[in-house]
Amino acid sequence: MSKSAELAALIRDRAGAEAPEYGLILGSGLGHLAATVDGVAIPYSDLPGFPHAGVSGHVPQLVIGQLEGRRVAVFGGRAHYYESGRADVMRLPLEVLKALGCQRLILTNAAGSLRADLPPGSLMLLSDHIAFAGTNPLIGEASEARFVPMTDSHDVEIRAGLKAAAEAEGVDLPEGVYCWFSGPSFETPAEIRAAKVLGADAVGMSTVPEIILGRFLGLRCAAVSVVTNMGAGLSDESISHEHTKAMAPLGAAKLEKVLRRFLRG
Ligand code: HPA
């Protein structure tokens, strides 16, 4: 049995056999939703091979259960490329999600904004992304499946559902392009200017590897950023992880409303 099948069996034993309809990976300071799921929490330490999510602001556990009447699997802990140098660090969790029978993945992240009309506290729905970190989680994958088309990597139907949910909640949810920088250092002002020229609307250190892996596994994916700061050089505010965690709740409450409405359908 593959490792993902073994872990899926373990998870089914504890949380029940029903397939989750949505997988959710929550970003820095955006994990509150996991605590409101009516279900079973499984610490990553019980799931051999799952990453020790070492960044503060993340709770390393998988929560499976009901949220707004839907079966969900919420990954409270996300590991980032910059923690290990492995861009495929979320591969096993996503393989397990797939092995559980899930077909849809929604990701959230904290991001720096490149647009004056997306100030801190705003939400941005990813219409597309730029993998600027110079690596790819599928490097080393031997099968032909590695040649993943990325044209429709941000699912049109899920995006439409999220936009409708945002509108129903009176929350602005503009679309934009997210540019993946490796981190862990923040960008320089010159890098932010470069990202803008390349067509990005926001920058961040996550999400893109998971979207690539998600598409590799045949999952339909969508992602929402919570803007915690303007990109380096675009405002006088200081940029730090502390600042990110402090600012995330501004947008997190809106994001939670949108996600709940989306799930209620
Ligand atoms: N850059 C990269 N990642 C981020 C930022 C940023 O400005 N803010 C929150 N995550």
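Here the structure is a predicted model, which means the values were calculated and not measured. When a ligand or atom number is given, it counts from 1 through the structure's own listing order.
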For this session: Might you list the protein residues in contact with ligand 1, defined as having a heavy atom under 4.0 Å from one of its atoms, sorted by chain and number?
Result: Ala110, Ala111, Gly112, Phe186, Glu187, Val203, Gly204, Met205, Thr228, Asn229, Thr244
Exercise. Minimum heavy-atom separation for Ala87 to Tyr81, with atom names?
Worked result: N-CD1, 3.4 Å
Problem set entry | Same apolar cluster: Ile130 and Val224, side chain cutoff 4.5 Å | no
For this session: Give the C-alpha distance, both sets of side-chain angles, the deciding distance and a yes or no for side chain to side chain donor-acceptor pair (under 3.5 Å) between Ser122 and Arg115.
Result: CA-CA 11 Å; Ser122 312; Arg115 268 174 35 192; over 6 Å; no
For this session: Check whether Leu10 and Phe50 end up in the same hydrophobic cluster, where Ile, Leu, Val, Met, Phe, Trp and Tyr are linked by side-chain heavy atoms less than 4.5 Å apart.
Result: yes
Exercise. Does the Asp201 side chain pair with the main chain of Val177, one donor and one acceptor, at a distance under 3.5 Å?
Worked result: yes
Problem set entry | Under the side chain to side chain donor-acceptor pair (under 3.5 Å) test, residues paired with Ser84 that sit two or more places apart | none
